[in-house]
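Step one of this worksheet: look at the structure below.
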Amino acid sequence: MARISIVGLGRVGLATGVAFAKLGHEVACYEVDASKVDAVRGGRSPYREKILGEELRKVLKKGNFRATDNAGDALVGSECYFICVGTPPLDDGSMDTRFMTDASKGVGRAIKGRKDFPVITVKSTVVPGTTEKLVAPMLAKESGLSHDAFGLCMNPEFLREGTALEDTLKPDRIIIGSNEKRPGDVLEQVYSRFESVKWRCDIKTAEMVKYATNSFLATKVTFANEIANVCASFGLDSDKVLEGIGLDSRINPKFLVPGAGFGGPCLPKDMKAIISASKSLGYKPLLLEAVLEFNERQAARVVDMLERELSSLDGKRIALLGLAFKAETDDVRDSRALPIIHELLRRGATIVAHDPAATIAAFGTDLAVKQVSGIRDALENVDGCIIQTSWREYKELDKEDFAMMKHQIIVDGRRTLDGKKLPKGVIYRRIG
Ligand SMILES: NC(=O)c1ccc[n+]([C@@H]2O[C@H](COP(=O)([O-])OP(=O)(O)OC[C@H]3O[C@@H](n4cnc5c(N)ncnc54)[C@H](O)[C@@H]3O)[C@@H](O)[C@H]2O)c1
């Protein structure tokens, strides 16, 4: 079993650390945010996750998992390091490398003078070239070691929020990117108790596999939206059409669900970063740009549908159900709720929002939106309603809930309700 250090206790770092500890490794986590360290030490996951908190408590009890904001304590003496810090976008869409730089410096200082070949793995999503051009030189500079005195790997993460630990423990594949055999072998050994297929490649390929995966998923969602919009023009039921194509084993039904578009902390950010990096190298990725642009328009289409029912949104009171980018998370990063809010406000509507977990404050910008804690408080006396997140609570909306509305008009951006089962009098519209 290996001594492992994790840098950054976001969802990725925490799920990775708990997974390794669960499988018997000795794990020390370094996180700069003391409040997260306190939560994790106290056995509380800072993230809304299914089993992460429970499994965290087990490994804390077992004694082979710890978290600290003391770099020396967490980083000195480990055999393997996993860099799991954030790679958010800058204003121009390119990747902000600030956290990667700091994390690499921290690990570099911790491995100073080492003669036993520590292996450093980048798990964060980074544009091709980052591990070799930014991380490796920083490690060498801060440690004083030559490049062949430490190992370097890239191991992208594919977990989904809400099931972070489940996905980390049973990924579809474990991508092991290394330019030399030795560090790749060390990483494969660390993962030896994972049943998933281990797939080896070079570092830059591993970095790109992550972007290509997210670009494909974003494109697939957008394709479903495009087909749904076309079906609507033909008066066709797009669900039936998409079901028909999803039966093709080359296509499969996953991610073929039309709606208000994709959001969250990964797909939009990663698309922007790879488009920006690609353009800086002289290639304009037309398809990927179109996917992003289409996605922005799709949010406006939801508002258009409501406007059509009400003739105008000016002065209208609208309920927005769902702020999180998807159900079972409180994460609002790049949630489609934000462009929908902007569109509604621009067209003169007032908004009453509801979400079982996410808050309007989490958008970090001043929005003229009232958030209420009860679904009926949100629906009371409104001219219409948009469902943006398919929370279970919204699937259970009933006659009494709709009776709170002044006009019973629902635009469902997430296929949350079954239009055929709604009470008489409810006008139900959805994408496609
Ligand atoms: N969240 C996801 O669903 C997901 C899925 C797959 C891949 N990823 C990628 O993995 C990476 C991490 O994602 P996340 O959601 O866990 O990120 P996050 O931003 O939520 O968490 C990163 C953590 O690292 C800490 N940190 C920053 N600099 C540090 C430093 N120098 N030393 C120690 N700690 C430091 C931050 O305080 C933060 O708690 C990103 O590149 C992301 O794109 C995320």
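Scope of the values below: all heavy atoms of this structure, side chains included, with no hydrogens, waters or symmetry mates. Treat the numbers as computed from the prediction; the structure is a model and nothing was measured. Read the numbers this way: they start at 1 and go in the same order the structure lists the ligands and their atoms.
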Practice item. Enumerate the atoms of ligand 1 whose separation from the nearest heavy atom of Gly86 is less than 4.0 angstrom. Key: 19 (O), 22 (C)

**Study point:** Atom indices of ligand 1, in the order listed, that fall short of 4.0 Å to a heavy atom of Phe99
**Key:** 27 (C), 28 (N)

**Study point:** Heteroatom proximity flag, Asp33 to ligand 1, N/O under 3.5 Å
**Key:** no

Exercise for review: Output the list of atoms in ligand 1 that are nearer than 4.0 Å to some heavy atom of Val7, sorted by atom number.
Suggested key: 32 (N), 33 (C)

Review point. In a check of side chain to side chain contact (heavy atoms under 4.5 Å, CB included) between Ile351 and each of Ile360, Leu344, Ile340, Ile386, which one passes?
Key: Leu344

Study note, to complete from the structure: The reported gap from CG in Leu9 to OG in Ser45 (rounded to nearest 0.5 angstrom) is 10.0 Å

Exercise for review: Scan side-chain atoms only and decide if Glu207 and Thr131 contain a donor-acceptor pair under the 3.5 Å cut-off.
Suggested key: yes

Check your understanding: How about Thr416 and Ser390: does a side-chain donor come under 3.5 Å of a side-chain acceptor?
Key -> no

Review point. Who's the nearest protein heavy-atom neighbour of atom 9 (C) of ligand 1, and how far?
Key: Thr125 OG1, 3.4 Å

Check your understanding: Can you tell me if NZ on Lys62 sees more than 12 non-hydrogen neighbours from other groups inside 6.0 Å?
Key -> yes

Check your understanding: Nearest to atom 15 (O) of ligand 1, what protein heavy atom do you find, and at what distance?
Key -> Arg333 NH2, 4.0 Å

Study note, to complete from the structure: For Glu161, the ligand 1 atoms with a heavy-atom partner under 4.0 Å come out as 1 (N), 3 (O)

Exercise for review: Decide side-chain contact (heavy atoms from CB on, under 4.5 Å) for Lys198 and Ser192; before the verdict, give the C-alpha distance in whole Å, the side-chain angles of both, and the deciding distance to 0.1 Å.
Suggested key: CA-CA 9 Å; Lys198 283 111 198 157; Ser192 60; 5.7 Å; no

**Study point:** Distance from atom 18 (P) of ligand 1 to nearest protein heavy atom, with residue and atom
**Key:** Gly10 CA, 4.1 Å

Practice item. Give a yes or no on whether a salt bridge exists between Asp239 and Arg415, defined as a side-chain N under 4.0 angstrom from a carboxylate O. Key: yes

Check your understanding: Can you find a heavy atom in the side chain of Tyr81 that is under 4.5 Å from one in the side chain of Val119?
Key -> no

Exercise for review: Output the list of atoms in ligand 1 that are nearer than 4.0 Å to some heavy atom of Val32, sorted by atom number.
Suggested key: 26 (N), 29 (C), 30 (C), 32 (N), 33 (C), 34 (N), 35 (C), 37 (O)

Review point. Can a salt bridge be assigned to the pair Asp334 and Lys326 using a cut-off of 4.0 Å between side-chain N and carboxylate O?
Key: no

Review point. Identify the closest protein heavy atom to atom 5 (C) of ligand 1: which residue and atom is it, and at what distance?
Key: Leu159 O, 3.5 Å

Exercise for review: Look at ligand 1 and say whether Ala103 reaches it with a heavy atom at a distance under 4.0 Å.
Suggested key: yes

Check your understanding: Side chains of Lys269 and Thr87: donor-acceptor distance under 3.5 Å anywhere?
Key -> yes

Review point. Near Asp102, which atoms of ligand 1 are under 4.0 Å from a heavy atom of that residue?
Key: 31 (N)

Check your understanding: Is the closest heavy atom of Lys210 to ligand 1 under 4.0 Å?
Key -> yes

Check your understanding: Judging by distance only, is a nitrogen or oxygen of Arg11 under 3.5 angstrom from one on ligand 1?
Key -> yes

Point to revise | Per-atom contacts, ligand 1 versus Tyr30 - under 4.0 Å to a heavy atom | key: 32 (N), 33 (C), 34 (N)

Practice item. Indicate yes or no: does an N/O atom of Lys36 lie under 3.5 Å from an N/O atom of ligand 1? Key: yes

Check your understanding: Where do Lys284 and Glu289 land on the side-chain contact (heavy atoms from CB on, under 4.5 Å) test, with the steps shown first?
Key -> CA-CA 8 Å; Lys284 191 171 152 62; Glu289 283 192 325; 2.8 Å; yes

Review point. Looking only at protein heavy atoms, which one is nearest to atom 36 (C) of ligand 1, and how far off is it?
Key: Glu31 OE2, 3.4 Å

Check your understanding: What do you reckon, does Glu157 have a nitrogen or oxygen under 3.5 Å from a nitrogen or oxygen of ligand 1?
Key -> no

**Study point:** Val12, any N or O under 3.5 Å of ligand 1 N or O
**Key:** yes

Check your understanding: Using a heavy-atom cut-off of under 4.0 Å, does the side chain or the backbone of Cys266 touch ligand 1, or both, or neither?
Key -> side chain

Check your understanding: Which of parallel (below 30°), tilted (30 to 60°) and perpendicular (above 60°) describes Phe194 and Phe20?
Key -> perpendicular

Review point. What protein heavy atom sits nearest atom 11 (C) of ligand 1, and how far away is it?
Key: Val85 O, 3.5 Å

**Study point:** Charged tip of Arg182 within 45° of Phe117 ring normal and under 6.0 Å
**Key:** yes

Revision key, fill the gap. Note: heavy atom closest to atom 41 (O) of ligand 1, options Thr87, Thr168, Val122, belongs to Thr87

Point to revise | Heteroatom proximity flag, Arg160 to ligand 1, N/O under 3.5 Å | key: no

Point to revise | Side-chain donor-acceptor contact under 3.5 Å, Asp69 with Tyr30 | key: no

Practice item. Determine, using heavy atoms of Lys269 and all atoms of ligand 1, whether some pair is separated by less than 4.0 Å. Key: yes

Exercise for review: Using the ring of Phe158 (Phe, Tyr or Trp, six-membered ring only), decide whether Arg173 places NZ or CZ under 6.0 Å from its centre and within 45 degrees of its axis.
Suggested key: yes

Exercise for review: Could you list the atoms of ligand 1 found under 4.0 angstrom from a heavy atom of Cys84?
Suggested key: 12 (C), 22 (C)

Exercise for review: Could you tell me the residue and atom name of the protein heavy atom closest to atom 24 (O) of ligand 1, and the distance to it rounded to 0.1 Å?
Suggested key: Gly8 CA, 3.3 Å

